[in-house]
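To keep things clear, I will list the structure first and then write my remarks on it.
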Amino acid sequence: MHEAYEATLMLKLGVQIESMTAYDDYLLIGTREGHLLMYNVASNDSKSNENKNPSLFRYSKNFSKKRIVQIAVVPEHNLLLLLTDNIICIHDLNSTNLNQICQLQKTRGASLFALDVKKHETMTGENTVVKLCVAVKRKLQLYFWNQKKKMFEEIFNEQAPTSDIPRELSVPDIPRELAWCGETLILGYRGFSYSLMDFQGKSKELFPTGKAPEPSITRISDNTFVLGKDSQSLVVDTNGEMVQHHPVKWTDFPCASAWDDPYLLGIVHDSLEVYTLDSCMHVQTIPELNKARLICRCKQGKVYVASMSQVWSINATDFAQQIRILLEQSQFQLALKLTNLSDLSEEERTKKTYKIQTLYAHHLFRNKKFREAMEQFSKLGTDPYEVIRLFPDLVSQTSNLNEPNEPELHSLKLQDRDLESGLLALIDYLTEVRYKLINNKDKEANEKMKGKKINPGEELKNMTSVATEQLLKIIDTTLLKCYLQTNDALVAPLLRLNHCHLAEAEKTLLQHQKYPELIILYQTKGQHKKALELLEKQSKESDSSLKGTERTIQYLQHLGKDHMELILKFSSWVLAQDPDEGLRIFMEDVQEVEHLPRPKVLDYLLRCYKDLVITYLEHVVHVWEDTNPLFHNVLVHQYKEKCLAAQAPTATPAEKQNIQHIRQKLQQLLEKSQHYTPETVLRDFPFDCLYEERAIILGKLGKHQQALAIYINLLNDVPKAIQYCNNVYSRYQTQTPAERAKNAENSEEVYVTLIRQLLKLQDNDIDLMLGDGACARPSQPDLETALELLEEHASKIDPIKALAVLPDSVPIGRIKHFLEASLHKKITDRRRLQILKGLLYAEHLQVQEQRMRVESQSVLMTEFNVCPVCKKRFGNQSAFARYPNGDIVHFSCQRKI
């Protein structure tokens, strides 16, 4: 509790006070005898003059013949409203004698009225709308003030803005309390209940008024009000819903109450009780207000209380003193409200508010309301490092941010559940701050990318970026420590995109033996050597989750070509321990692996792990489809070496058994690959073995005679020789005209060359000498096979060249089929050429006809021709364009259409 108000006896009158109201520096009192007194109380505001009596500004002894039941003022329009003799009277507040403007005759029999005064901003300035509700027995009459006519008019009038409102609103009983709240009327009935009513007469009953002798309604805002029930006051909104579930509990029935933000004041017996609405806290009791029964608020911090003959001025104590006491009592919310209501400058109010909110957040933390405290820190934008300092065990020695000029936040030693709750709240807070910092950082980066000009504030912005990076480093390091104590499953996701301090994070992870997470930290910080050394060490630990080679393989696969030396260095132990799995470092379908320098990998494998070369090259050639001749040449060489090693006397049974498979792969590579260099490969091939492979290479070089000599004379395999010719001829047919012209001589005569080999007609200078000894040759020429070849492939062989190599002793009947087929092919080719010639000539005629038709068209251009686009005439030097429909436009204008 504290002293929010001070009470001063202001007036002692010899008449009986019946009603009272106040505005600005004036107090108006209506008496039971019908007198009206108006006091100027300006001199009573200052403490130096608080013992001075207010001056009587106006006094009308015969103002009314009856008692003045109710009195109200509208200063904006200088209106004084009175309820006397059961009728509403309107007076001019500015006139000397408070002259009467009019009486609302329809209100005769009135028992109560309520005013609603609202200010609206319009294009012509501020406009004040005044509405009046009068209770006449069991009817409610609604009026509005017409400033032009200087009179109150009923709202249902057609000229009124809401003409659909009924003339009168019926109520179940005579209201004892009446108030406006926005566009809603609140009514209280004695011994009955409270109800809400709109302008259409729709009502909603709330709750009983209780045992209090009279209902009590106190307006708080445009949509909330306080209703009295027994010795309690409940806050309700215009929908009839309870705003807060905890009511204000008075010591007894208050006979009158008033709202002076942030306090609710009520007269209970001979004292004035003061409460807050938010926490329903009892603030103060002002005693010795003898028989007080009326209360009215004049302005912020000034309330009047009256008995039958006395008036007390209730003035708020100094806000600064109240705020100081409230902060000592940890009443931060109330201190904030008073700060907002104080007359401090905007800058001072902002600083004071920030300080109080910071102290409030610290208070919440001390009371272990961690989540609420963090929400408060987030709203305030408190330096995150200051919040982290509340947890001493999380503060890093490496953090060196400048100490902010904020109230010092003392840390709290937490344990067990309290520590966990605090850390979880801190995690949410830091995550939100981190998200905002990263977003702001990205926005700055985007602005720089747009190429904006450097301004004088650019240096300051760079300094801000450095501070942001440093703050992110502290936040991420703290989050890492929090996750390790609450939920270590979140450590890895944090480390994959982190700004942690390397040394501090490394130390923390080692303390908790989080080696997989430490690997992620090293990886994100570019400490690949440390990561690989740790992986190699942990691979030998039996109880480690990093045991084995798999994690190292994955790490090396994603390093990329910039770290080639590290990859080769640390792949060594993996390849030595598990060659097949280790080779995945260089041949996995991963983008970084595919972009590794393959010649360098090949050189490394040739020097250190030669047995893995073929597997690697097969992946490069067949899977990645690399066209570099180096890899194709080396793969051919490796296959050849394998075959030669299997044929050596020292070869193992496994190597001898596998030779056929290796030779098959070698032959397929030699036949299908277009990227190895035949000249280079042939140079190193042996002469005493691998004849078929040699023949394939000779074929690639276009040396068909030597290749066929190998099939006929060394391999003695005529079917393979024929298949060789078929392959050569098929390739020739699919070649481009340029390729055909280059290879025509050898490819077209391949069958004739085969016939020459079968008939043994080759010249002595090309007699096959494939090594140190002569080739083996069949004893007799194979004429029958040659003739069968002629018949089977007659359409593919030039008859002139074929007849030239056949012996003269061959009967004409044996080559009849060959000659017929050759003749038919020649005739067919001639006819095809004649048809093609005719089609080309017809096309030529069509083109000529089209040319003559186009050239026959003409356009006459004169000085009277006008361009349909620009509406200008064509000059002598004008360039123009003609459209297919005949329109002529300037050449520059045709682009505008």
Side-chain angles (χ1 to χ4, degrees), residues 1-11 17 20-22 176-177 179 188 194 207 209-221 224-236 242-319 321-323 325-326 328-331 333-335 337-338 341:
M1 294 178 62
H2 70 283
E3 290 188 2
Y5 293 94
E6 294 177 346
T8 303
L9 180 60
M10 191 173 65
L11 292 173
I17 301 173
M20 176 177 62
T21 191
R176 303 295 296 181
E177 278 289 330
Y194 296 100
F207 49 81
T209 57
K211 300 178 181 179
E214 293 289 342
S216 173
I217 302 174
T218 305
R219 185 177 182 273
I220 302 297
S221 66
T224 55
F225 48 90
V226 174
L227 301 180
K229 181 181 180 182
D230 298 331
S231 60
Q232 299 179 352
S233 290
L234 300 93
V235 185
V236 185
M242 300 290 291
V243 175
Q244 59 186 42
H245 298 288
H246 303 289
V248 174
K249 297 182 179 180
W250 309 91
T251 56
D252 203 347
F253 307 120
C255 63
S257 60
W259 170 251
D260 184 36
D261 196 13
Y263 300 113
L264 182 65
L265 295 81
I267 300 173
V268 181
H269 300 309
D270 291 339
S271 61
L272 181 68
E273 295 182 2
V274 182
Y275 288 83
T276 62
L277 278 186
D278 290 340
S279 58
C280 301
M281 178 184 67
H282 178 227
V283 175
Q284 183 184 7
T285 298
I286 301 176
E288 300 178 1
L289 301 179
N290 189 27
K291 296 183 180 181
R293 65 186 188 91
L294 298 176
I295 185 170
C296 72
R297 178 181 179 274
C298 177
K299 55 186 176 181
Q300 179 64 48
K302 193 173 189 65
V303 179
Y304 295 108
V305 174
S307 63
M308 291 293 290
S309 59
Q310 295 178 320
V311 178
W312 290 270
S313 176
I314 311 298
N315 298 308
T317 57
D318 182 53
F319 276 0
Q321 180 181 350
Q322 286 193 60
I323 292 169
I325 296 172
L326 289 171
E328 292 174 358
Q329 298 176 357
S330 299
Q331 298 294 332
Q333 296 296 340
L334 187 54
K337 286 193 173 184
L338 291 179
L341 293 170

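Count residues from 1 along the sequence.
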**From CE (M281) to OH (Y263), nearest 0.5 Å** = 7.0 Å
**Prompt:** Taking side chain as C-beta onward, heavy atoms only, is D278 less than 4.5 Å from L334?
**Reply:** no
**Prompt:** Are the side chains of P247 and L234 in touch, meaning some heavy atoms are under 4.5 Å apart?
**Reply:** yes
**Stepwise side-chain contact (heavy atoms from CB on, under 4.5 Å) check, V226 with I217** = CA-CA 6 Å; V226 174; I217 302 174; over 6 Å; no
**Side chain Y194, main chain G228, donor-acceptor under 3.5 Å** = yes
**Asked** Side chains of S271 and T285: does their closest heavy-atom pair fall under 4.5 Å?
**Response** yes
**Prompt:** Are any side-chain N or O atoms of H246 and backbone N or O atoms of V248, one a donor and one an acceptor, separated by less than 3.5 Å?
**Reply:** no
**Request:** Could you pull out all residues at least two apart from E214 that satisfy salt bridge (charged side-chain N to carboxylate O under 4.0 Å, His left out)?
**Result:** R176, R190
**Asked** How far apart are the closest heavy atoms of S233 and L264, and which atoms are they?
**Response** CB-CD2, 4.3 Å
**Complete:** Those residues at least two apart in sequence (or on a different chain) that pass side chain to side chain donor-acceptor pair (under 3.5 Å) with S309 are none
**Asked** Closest heavy-atom contact between V305 and A292?
**Response** CG1-CB, 3.5 Å
**Atom of T251, atom of Y275 and distance for their closest heavy-atom approach** = N-OH, 4.2 Å
**Asked** So, for K229 and F207, which heavy atoms are closest and what is the spacing to 0.1 Å?
**Response** CD-CD1, 4.0 Å
**Item:** Minimum heavy-atom distance L341-D261, with the two atoms named
**Value:** CD1-O, 3.2 Å
**Request:** Can you sort out the partners of Q333 under side chain to side chain donor-acceptor pair (under 3.5 Å), two or more places apart, ordered by chain and number?
**Result:** Y360
**Request:** Please confirm whether the backbone N or O of L9 pairs with a side-chain atom of Q310, one donor and one acceptor, at under 3.5 Å?
**Result:** no
**Prompt:** Roughly how far, to the nearest 0.5 Å, is CE of M308 from CG of L294?
**Reply:** 9.0 Å
**Asked** If you measure from NE2 on H269 to CG on L289, what distance do you get to the nearest 0.5 Å?
**Response** 13.5 Å
**Asked** Once you round to the nearest 0.5 Å, how far does OG of S313 lie from CE of M10?
**Response** 5.5 Å
**Prompt:** How long is the span from the CG atom in D260 to the CD atom in Q300, to the nearest 0.5 Å?
**Reply:** 4.5 Å
**Fill in**
Heavy-atom closest pair (C280 atom, Q244 atom, distance to 0.1 Å) is SG-NE2, 3.3 Å
**Message:** I'd like to know if the side chain of Q284 reaches the main chain of A4, judged simply by a donor and an acceptor atom lying under 3.5 Å from each other, with no hydrogens or angles considered.
**Reply:** yes
**Request:** Check the pair W312 / T8 against side-chain contact (heavy atoms from CB on, under 4.5 Å), numbers first and verdict last.
**Result:** CA-CA 5 Å; W312 290 270; T8 303; over 6 Å; no
**Fill in**
OH of Y5 to CG of L272, rounded to nearest 0.5 Å, is 8.5 Å
